[in-house]
Asker: 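Attaching a single structure in structure tokens format; questions to follow.
Proteins get letters first, then strands, A, B, ... in listed order; numbering begins at 1 in each.
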Amino acid sequence: MSTTDLDALAARIPDGSRVAIPTSRHGVAMQATHALINRRVRDLHLVAVPTAGLQVDLLIGAGCVKTVESAGITLDEHGQAPRFVAAVKAGTINVLDTTCPALISAIQAGEKGIPFMPMRGLLGSDLLTHRRDYRVIDNPMASSGDPIVLLPAIVPDFALFHAPLADCHGNVWIGKARELMTMAHAARQTLVSVEEIIDTNLLHDELRSPATIPAPYISAVSVCEQGAWPLPLPDRYAADNDELCRYVLAGKTDSGFIDYLNKQHKPPSLSIAATA
Amino acid sequence: MSTTDLDALAARIPDGSRVAIPTSRHGVAMQATHALINRRVRDLHLVAVPTAGLQVDLLIGAGCVKTVESAGITLDEHGQAPRFVAAVKAGTINVLDTTCPALISAIQAGEKGIPFMPMRGLLGSDLLTHRRDYRVIDNPMASSGDPIVLLPAIVPDFALFHAPLADCHGNVWIGKARELMTMAHAARQTLVSVEEIIDTNLLHDELRSPATIPAPYISAVSVCEQGAWPLPLPDRYAADNDELCRYVLAGKTDSGFIDYLNKQHKPPSLSIAATA
Amino acid sequence: MTTATNQPGFSREELLICVIARLLQGVDHIAVGVSSPIPGSAALLARAIAPSTTRVTVLNSRDLQDLNDGVSELFDQAAQGRIGAFFLSGGQIDGSGNINLVGIGEYPKMTVRWSGSFGSALLYYLVPRVILFRDEHTRRTMVDKVDFISAPGRSDSGIYRPGGPRALVTNLCAFRYDKQRGRFHLESIHPGHTLEEVLDQTGFEFDKPDTIPVTTAPEPERLTLLRTQLAALIADPYPAFAERVWKITALAR
Amino acid sequence: MTTATNQPGFSREELLICVIARLLQGVDHIAVGVSSPIPGSAALLARAIAPSTTRVTVLNSRDLQDLNDGVSELFDQAAQGRIGAFFLSGGQIDGSGNINLVGIGEYPKMTVRWSGSFGSALLYYLVPRVILFRDEHTRRTMVDKVDFISAPGRSDSGIYRPGGPRALVTNLCAFRYDKQRGRFHLESIHPGHTLEEVLDQTGFEFDKPDTIPVTTAPEPERLTLLRTQLAALIADPYPAFAERVWKITALAR
């Protein structure tokens with residue numbers, strides 16, 4: 001594990017990487033995403049675990065994405081993700097649609113080093129029709145025919161997210177967002193931005209240890225205050241709805257989006273601190 | 001959830017139940033086990049997740065067990081579990097031998113409500129030969145023949161364990177012993193003894209929440225100080241090796257075992273407190 | 001356009017909440033997805049009038065859920081049979097109960113694209129009582145055949161499917177889902193609306209009785225319950241909704 | 001019975017530790033199960049002389065592991081290829097590398113019953129470098145054919161098996177495992193022991209070179225390392241062992 005700045009963190013992700021990212025509520029590495037966009041990464045295969053929003057929309061709009069695999073791309077109460085919708089209509093990205101539990105199960109299969117995980121549901125849906133990588137078998141545990149879907153394991157090249165806390169040993173504390181642990185276990189490398197780094201050992205902290213990702217899973221950590229802004233970080237800060245409204249407005253058009261991207265994007269509290 | 005005494009807790013487990021229990025290191029409900037023995041429970045199907053020791057040995061010796069499913073029954077540095085070994089030789093219990101990851105995976109399948117979980121390994125072992133409930137299929141994700149074992153899900157009637165802490169709402173904090181969470185999720189009912197009950201909401205405690213089993217999974221909680229004694233409770237107390245040595249000695253013979261069972265079994269510190 | 005002949009003593013939202021609450025009777029554990037204020041309020045009402053063991057989980061709320069094991073927990077609970085009722089909707093819903101959350105046109109390059117299927121392709125199969133709710137009942141939403149099946153209304157025999165649609169509630173009426181026939185059956189039309197309007201706005205065929213009842217108005221004691229005890233509770237997960245419908249803001253914590 | 005002609009400058013344990021440490025060269029992550037003081041010490045020695053990225057996990061130790069996700073984590077790591085070396089043993093080990101941790105006699109009502117197979121039926125298949133270690137080399141433990149296969153030494157082609165036995169180290173000698181032939185090949189005999197003794201105490205056939213080397217004695221600098229820096233570290237997971245071999249007790253925390 002090494003501590004590094006956001007640009008160096010972003011530089012670790014080569015073009016064409018398969019990158020797992022969390023839902024908008026559970027700690028999105030938004031500032032690291034801007035660093036990725038700045039370095040003009042291309043052809044990413046994004047795996048939303050299991051849904052995503054602003055982060056994917058920015059990356060799509062900036063031309064960084066080849067494929068997005070998700071159960072839902074949405075700006076939640078702010079509506080549709082405009083660049084995602086535009087790209088789908090234009091046919092410029094490849095969309096792998098699925099359902100939330102299928103994505104989670106596939107990542108759990110990656111975590112467990114098994115080739116697939118079965119899941120109930122999906123049969124007779126067009127999701128299944130369009131997923132050539134999913135398989136249907138007869139449940140071998142049943143006495144008579146009982147078709148069930150098998151999902152191939154997902155082993156992302158990277159997991160990328162933002163967490164409240166890391167320690168000086170490279171352990172990362174995630175709180176209740178359990179799927180961050182699953183993602184880190186499943187991915188070949190995990191890159192994390194955090195609000196702060198503390199000088200202790202989280203694994204020896206009886207209270208924090210159960211929600212701590214041990215350092216061996218973590219390839220690099222960057223400190224970035226309000227790193228999820230304008231998305232929320234659980235138990236730390238809420239979404240910045242004004243900023244999200246600004247984005248929705250800007251994202252409606254290609255030129256509005258480009259203007260938005262070219263502006264400085266800093267949380268207001270940090271801008272104030274910097275000015276003062 | 002209801003708070004109850006150990007006898008009432010034990011009374012909830014009918015004869016013939018399938019009961020999941022943790023390893024000796026992760027919080028065994030030893031005092032509740034004595035209550036089970038006292039109520040003369042019979043024909044238990046114990047599922048060690050994934051190994052067990054003293055608890056299973058006592059239950060076997062007391063004639064409570066029909067089947068034990070595990071990857072290992074051992075008193076660790078105190079050697080073989082004497083009543084288990086005697087019962088195997090006498091053919092008085094049914095042993096379902098397996099390997100640790102198979103048991104964990106099967107419980108995880110129970111947690112996920114899926115009929116099976118695949119696992120690498122096991123092929124060509126006599127474990128597999130003797131497990132008629134395990135199936136081998138050709139991995140449907142592979143292009144050519146690739147046999148893989150499928151383990152049927154385990155849905156225990158009960159999970160029974162000891163934890164450091166519960167709250168007045170019935171939430172139970174387990175610390176790092178993650179498989180207790182898995183067991184509680186998988187089991188139809190979960191019965192827990194705890195060191196203490198606190199007057200707060202563990203789910204609203206940012207630090208404890210990630211390792212808290214929510215109350216809806218918990219059927220009953222009993223307060224029992226040193227409830228794992230003479231086994232250890234992580235971060236609370238170590239094993240009582242003197243007591244374990246006494247047990248090993250007693251367990252060597254049928255009569256020694258009966259004498260041991262008939263004695264009062266209280267942690268020394270509590271005996272002292274009671275005398276003082 | 002319809003005109004109510006006299007002013008009812010309840011709002012449209014209150015009516016829908018009460019209609020849905022009746023569909024939830026006897027359910028032990030009702031789970032509610034994000035951004036679902038009317039179903040969420042109905043679930044809380046159902047809990048308030050039900051035995052004390054009834055439980056409501058509202059995703060992403062602070063006080064109305066006890067999920068703490070990441071995104072998978074809700075789905076695992078559903079697969080285990082731990083969830084008795086859930087709510088789904090659709091950009092399109094068709095007469096077979098198929099729902100479409102993906103878009104309009106030919107997949108994948110669709111002319112209209114929505115967010116995606118979320119958990120529907122598991123929950124619709126496994127939760128015993130799924131209530132379909134859509135506040136916009138038009139030929140755009142209630143179609144003969146969905147353009148994309150996020151999850152089907154019915155499955156072939158031999159497919160493991162303990163769950164499925166129980167009812168479809170819209171701003172115009174309430175349908176019961178006939179599992180055997182795989183079709184909707186019109187149960188009642190909401191006060192102020194007509195069969196003509198329903199037929200006009202529905203793109204699919206459905207069964208109906210000879211005489212179609214008017215949807216039962218909210219029970220007065222339930223209305224009182226909603227407006228007194230429950231409004232503040234509902235304001236926790238749905239502040240904007242509670243503010244609009246009952247002019248109430250969430251209790252300070 | 002053999003007699004050492006002159007007193008060696010090292011203990012039996014130190015010799016075995018150094019033999020095993022040599023087998024661990026180049027492994028990034030070495031994991032050690034419970035109650036394995038000699039393999040555990042070897043792993044720590046291997047780490048001390050290896051690049052700084054080498055990692056050792058000792059199960060159930062406080063400071064020598066960073067597993068915190070329950071019992072499954074180690075096995076998941078092995079299945080993912082995150083563990084390079086592990087140690088197994090057996091109540092019986094046979095000439096094909098099959099190990100038996102279950103018992104002697106006909107299963108299930110065996111005449112001798114051991115604890116069980118633990119994680120062997122996954123780890124033996126998936127960890128690339130499994131070192132078999134057994135401190136008792138007799139015809140009771142080194143058998144022609146095990147009574148029960150907890151995990152086989154070799155699998156048919158077509159079976160996914162990235163891992164398996166690399167070597168068998170006993171109190172008498174060290175074998176290399178020939179994966180192609182599925183047999184052990186005698187590499188060296190420990191100082192003070194003879195081929196005659198090995199043949200006498202081994203129940204299985206094995207390959208051997210014409211001249212059999214004596215096992216290399218512990219490298220002086222490694223002996224020093226063990227006795228100075230490492231003994232206190234080893235005393236953390238294995239206090240009784242460190243006390244017996246080096247008269248050292250664990251550092252206070």
Asker: Name the region of D:Ser35, side chain, backbone, both or neither, that has any atom closer than 4.5 Å to a heavy atom of chain B.
Answerer: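 Contact with chain B: none, neither part.
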Asker: Which bit of D:Asn60 is near chain B, if near means a heavy-atom gap under 4.5 Å: side chain, backbone, both or neither?
Answerer: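 For D:Asn60, the contact with chain B is made by the side chain alone.
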Asker: Using the six-membered ring wherever Trp is involved, compare the ring planes of D:Tyr107 and D:Phe148 and label them parallel, tilted or perpendicular (cut-offs 30° and 60°).
Answerer: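 Taking D:Phe148 first and then D:Tyr107, their aromatic rings sit tilted (interplane angle of 30° to 60°).
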Asker: With a 4.5 angstrom heavy-atom cut-off, which part of D:Thr111 approaches chain B: side chain, backbone, both or neither?
Answerer: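 Just the backbone, heavy atoms under 4.5 Å.
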Asker: Could you check whether D:Trp246 and D:Glu14, counting side-chain N and O atoms only, form a donor-acceptor pair closer than 3.5 Å?
Answerer: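 Checked: D:Glu14/D:Trp246 side chains pair up, N/O donor to acceptor below 3.5 Å.
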Asker: Non-hydrogen atoms of chain D under 4.5 Å away: do they reach the side chain of B:Ala90, the backbone, both or neither?
Answerer: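 Contact with chain D: backbone only.
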Asker: What distance separates B:Ile107 CD1 from B:Lys112 NZ, expressed to the nearest 0.5 Å?
Answerer: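 Taking CD1 in B:Ile107 and NZ in B:Lys112, the distance rounds to 14.5 Å.
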Asker: By a 4.5 Å heavy-atom criterion (distance strictly below it), what part of B:Ser144 contacts chain D: side chain, backbone, both, or neither?
Answerer: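 Neither part.
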Asker: Can you say whether B:Gln80 sits under 4.5 Å from chain D via the side chain, the backbone, both, or neither, judging by heavy atoms?
Answerer: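 The side chain, not the backbone.
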Asker: Applying a heavy-atom distance below 4.5 Å, give me the residues of residues 118-134 of chain B that approach chain D, sorted by number.
Answerer: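 Expected list: B:Met119, B:Arg120, B:Gly121, B:Leu122, B:Leu123, B:Gly124, B:Ser125, B:Asp126, B:Leu127, B:His130.
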Asker: Can we say B:Asp76 and B:Arg25 salt-bridge, meaning some charged N sits less than 4.0 Å from an Asp/Glu carboxylate O?
Answerer: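 Answer for the salt bridge query: no.
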Asker: Closest heavy-atom contact between D:Pro128 and D:Gly84?
Answerer: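 Closest approach of D:Pro128 to D:Gly84, heavy atoms only: CD-O, 3.7 Å.
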Asker: For the CD atom on D:Glu205, are there more than 12 heavy atoms of other groups (residues, nucleotides or ligands in this structure) within a distance under 6.0 Å?
Answerer: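 For D:Glu205, atom CD is not crowded (no more than 12 foreign heavy atoms under 6.0 Å).
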Asker: Identify the two heavy atoms, one from D:Leu101 and one from D:Ser89, that lie closest to each other, and give their separation to 0.1 Å.
Answerer: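 Looks like CD2-O, 3.6 Å.
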Asker: Salt bridge (Lys or Arg N to Asp or Glu O under 4.0 Å) between D:Arg181 and D:Asp207: does it pass, once the steps are laid out?
Answerer: CA-CA 10 Å; D:Arg181 307 191 61 203; D:Asp207 299 329; 2.7 Å; yes
Asker: Using non-hydrogen atoms and a limit below 4.5 Å, what part of residues 174-187 of chain B faces chain D?
Answerer: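 If one takes a 4.5 Å heavy-atom cut-off, the residues of residues 174-187 of chain B near chain D are B:Lys176, B:Arg178, B:Glu179.
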Asker: Hey, are the side chains of D:Glu243 and D:Ile248 touching, using non-hydrogen atoms and a 4.5 Å cut-off?
Answerer: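 No, every pair of side-chain atoms sits at 4.5 Å or beyond.
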Asker: Could you check D:Glu73 against D:Thr57 for side-chain contact (heavy atoms from CB on, under 4.5 Å), going step by step and ending with a plain yes or no?
Answerer: CA-CA 12 Å; D:Glu73 191 175 10; D:Thr57 294; over 6 Å; no
Asker: Chain B: which of D:Ser120, D:Gly116, D:Ser115 shares the most heavy-atom pairs with it under 4.5 Å?
Answerer: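 Option with the greatest count: D:Ser115.
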Asker: Rounded to the nearest 0.5 Å, what's the gap from CG on D:Leu132 to CG on D:Leu168? Could you check?
Answerer: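 The CG atom of D:Leu132 sits 5.5 Å away from the CG atom of D:Leu168.
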Asker: Sort out for me which of B:Ala71, B:Ala142, B:Gly72 touches chain D most, counting heavy-atom pairs under 4.5 Å.
Answerer: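 Going by pairs under 4.5 Å, I would pick B:Ala71.
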Asker: To check you understand the geometry: which heavy-atom pair defines the closest contact between D:Phe87 and D:Ile30, and what is its length?
Answerer: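 That would be CE1-CG2, 3.8 Å.
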Asker: When you look at B:Asp254 and B:Arg83, which way does the salt bridge (Lys or Arg N to Asp or Glu O under 4.0 Å) test go after all the steps?
Answerer: CA-CA 8 Å; B:Asp254 290 2; B:Arg83 295 294 95 196; 2.5 Å; yes
Asker: Is there any residue in residues 232-240 of chain B with a non-hydrogen atom under 4.5 Å from a non-hydrogen atom of chain D, and which ones are they?
Answerer: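 Checking residues 232-240 of chain B against chain D gives no residue, so none.
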Asker: Take B:Asp97 and D:Arg113 through the test salt bridge (Lys or Arg N to Asp or Glu O under 4.0 Å) and record every step on the way to the result.
Answerer: CA-CA 12 Å; B:Asp97 269 288; D:Arg113 170 73 207 204; 2.7 Å; yes
Asker: At under 4.5 Å between heavy atoms, what parts of residues 43-67 of chain B are in contact with chain D? List them by residue number.
Answerer: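 Only B:Pro50, B:Thr51 of residues 43-67 of chain B have a heavy atom under 4.5 Å from chain D.
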Asker: Please flag which part of D:Leu122 lies under 4.5 Å from any non-hydrogen atom of chain B: side chain, backbone, both or neither.
Answerer: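 Contact with chain B is through both the backbone and side chain of D:Leu122.
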Asker: Going through the checks in order, is the side-chain contact (heavy atoms from CB on, under 4.5 Å) test met by B:Val192 and B:Ile218?
Answerer: CA-CA 8 Å; B:Val192 186; B:Ile218 309 289; 4.0 Å; yes
Asker: Should the pair B:Arg208 and B:Trp173 be classed as cation-pi, given the thresholds of under 6.0 Å to the six-membered ring centre and 45° from the axis?
Answerer: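 Yes.
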Asker: Roughly how far, to the nearest 0.5 Å, is the CD1 atom of D:Ile234 from the CD1 atom of D:Ile17?
Answerer: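 Reported to 0.5 Å precision, the distance equals 5.5 Å.
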Asker: Check the pair D:Leu16 / D:Asp135 against side-chain contact (heavy atoms from CB on, under 4.5 Å), numbers first and verdict last.
Answerer: CA-CA 9 Å; D:Leu16 293 171; D:Asp135 207 4; 3.8 Å; yes
Asker: For residues D:Phe204 and D:Phe175, establish whether the separation of their ring centroids is below 6.0 Å.
Answerer: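 Yes, close enough.
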Asker: Contact part of D:Val112 toward chain B, heavy-atom cut-off under 4.5 Å: side chain, backbone, both or neither?
Answerer: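 The answer is the backbone of D:Val112.
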Asker: Checking side-chain contact (heavy atoms from CB on, under 4.5 Å) for the pair B:Asn94/B:Glu69: CA distance, chi angles, key distance, verdict?
Answerer: CA-CA 8 Å; B:Asn94 180 24; B:Glu69 183 165 3; over 6 Å; no
Asker: What class does the angle between the rings of B:Tyr247 and B:Phe257 fall in, given that below 30° is parallel, 30 to 60° is tilted and above 60° is perpendicular?
Answerer: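 Answer is perpendicular, since the angle exceeds 60°.
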